[in-house]
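As the structure lists them, so they are numbered: ligands from 1, and atoms in each ligand from 1.
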Amino acid sequence: MELTKETRERFSHESELSKEMLNGALHEALTKIDKNTKTFINTFPRPASTNYVYPGILNGGEWDDWTSGFWTGILWLSYEITHEERYKKVAAFQTKSYEERIDNKVGVNHHDLGFLYTPSVVAHYKVTGNNMAKEAGVKAAAHLMGRFKEKGEFIQAWGELDDPNAYRLIIDCNLNVPLLFWASEATGDPKYREIAAKHINTAANVVLRDDSSTHHTYYFDPETGKPLKGVTAQGASDISAWSRGQAWGVYGFPLAYSYLKDEKFIKLYKRVTNYFLNHLPKDNVCYWDLSFDESSNEEKDTSAAAIAVCGMLEMDKYLPDSDPDKKIYANAVKAIMGSLIAKYTTKDIERCNGLLKEAVYSKPHRIGVEECCIWGDYFYMEALVRIMKPEWKKYW
Ligand code: GLY
């Protein structure tokens, strides 16, 4: 899909994203994070807040905890942008809990080990060279490899590995495979990278529809490995584009490009990003499904907006200046971030311990609707760090 004329016009000029706005946003975020460092040391924020307050859970303490890594990642980002040791101290302390979680196999029988282990222990290793963190990350990568299915060549997202009804990948895994790419770099063993490349190539073949919207999940035939059908789990319908799924595409394909340097991922990035931008409402922050607009009365998903910003910033490193859309994406980053900062931070909700309001975990499941979601907070912080410290090295 090409960018529409309206999208080109909308992002033909630079929106204001001044140093003052960014400094103010960072200051507000760090004020909330500082308070959280007193509470979330042995515990972690639940995936979504309740009435804008995250309760604490143990690492792996609840069935839906695929998200502890984001809080630890927020601490690493805070350390990298401020050089304040207190963030590093809490983040480094938490590595032990990730090590225990993978050693004891607590809540790790799913594909979200990248979300759990990349912003936490991989970040720890990348920032400080810590060996315990490296080992925990490699163990998590090895465990993730166990979900790879030869027939169909993909990493099975959820469910028991012998369940034929669970034989599917999901687009979110775009952000889990970087753990495997990293494990090959960290160990020198190519086996992780080989599986990561197979998975992302399979995903690339099936998750996009012809119009460049994305399926959330895609089933395969367990006997033959043949791709069968796309089905949503968290989107509005099987034929719509769940905003966060599309955003996992906007960020995941640039990450695949960063490791594989295959031009195909640039083309995929442009297709999914153009679709995403073409379906933004007036204030540039998407609804939770891209099929909705202002007339819908549906909720936004600020977390999807923050993820997409990180994806566009990552791809900006690889797109040549001659690319006719490069400037449009750069302007879109500023417009979306400007809108998030102006309208969607939690600065006016004193009791709130999250950073970005109006995220949606899963509307069909009625969980975390119009709440803070911890990955939204993480990617918002990552976007701030990427913009304010362009030399920042990615954890993914
Ligand atoms: N990976 C699950 C989600 O985005 O909700």
Side-chain angles (χ1 to χ4, degrees), residues 44-49 54 57 60 62-71 73-74 107-120 140 144 147 154-159 166 168-180 199-200 203 207 213-218 230-236 240-253 255 272 276 286-290 298-311 354 356 358-380 382-383 395-396:
F44 297 77
R46 219 189 149 149
S49 62
Y54 291 116
I57 52 170
E62 301 206 6
W63 67 270
D64 60 349
D65 172 26
W66 54 278
T67 60
S68 297
F70 293 117
W71 165 238
I74 287 171
V108 292
N109 289 333
H110 53 73
H111 73 145
D112 282 327
L113 296 178
F115 285 124
L116 281 168
Y117 282 81
T118 305
S120 55
L144 179 57
R147 299 192 71 80
F154 68 95
I155 293 168
Q156 184 184 312
W158 304 311
R168 62 174 162 176
L169 62 76
I170 75 171
I171 192 168
D172 319 33
C173 198
N174 276 15
L175 272 279
N176 286 325
V177 288
L179 178 69
L180 300 180
H199 174 91
I200 197 72
V207 295
S213 64
T214 52
H215 295 286
H216 179 196
T217 88
Y218 211 94
V231 170
T232 200
Q234 282 160 257
S240 70
W242 174 48
S243 299
R244 198 156 66 251
Q246 193 83 15
W248 294 135
V250 173
Y251 198 179
F253 292 129
L255 291 173
V272 295
F276 186 87
C286 54
Y287 287 88
W288 67 271
D289 192 283
L290 295 176
E298 291 287 341
E299 294 80 11
K300 297 290 181 86
D301 179 8
T302 53
S303 77
I307 294 161
V309 165
C310 291
L356 264 195
E358 296 190 45
V360 170
Y361 184 170
S362 181
K363 181 88 187 267
H365 299 92
R366 307 263 155 205
I367 46 172
V369 177
E370 227 171 51
E371 289 286 348
C372 296
C373 288
I374 191 65
W375 57 88
D377 293 355
Y378 169 85
F379 287 106
Y380 173 66
E382 185 184 305
Y395 303 151
W396 305 96

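Relative ring orientation between Phe70 and Tyr378 is described as tilted, the plane-to-plane angle lying within the 30° to 60° band.
Trp288 and Tyr361 have their aromatic ring centers separated by at least 6.0 angstrom.
Asp289 CG to Thr232 OG1: the interatomic distance, rounded to the nearest 0.5 Å, is 7.0 Å. The CZ atom of Arg147 lies 9.5 Å from the CG atom of Asp112; values are rounded to the nearest 0.5 Å.
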In a simple table, one pair per line, please give the protein and ligand 1 atom names for every N or O pair closer than 3.5 Å, along with the distance.
residue	atom	partner	partner atom	Å
ligand 1	1 (N)	Asp172	OD2	2.7
ligand 1	4 (O)	Asp172	OD2	3.3
ligand 1	4 (O)	Arg244	NE	2.8
ligand 1	4 (O)	Arg244	NH2	3.3
ligand 1	4 (O)	Trp248	NE1	3.1
ligand 1	5 (O)	Gln234	NE2	2.9
ligand 1	5 (O)	Arg244	NH2	2.5

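Classification of Glu298 and Lys363 as a salt-bridged pair holds, one side-chain N sitting under 4.0 Å from a carboxylate O.
Residue Asp301 forms a side chain to side chain contact (heavy atoms under 4.5 Å, CB included) with just one option from Arg244, Gln234, Glu370, and that option is Arg244.
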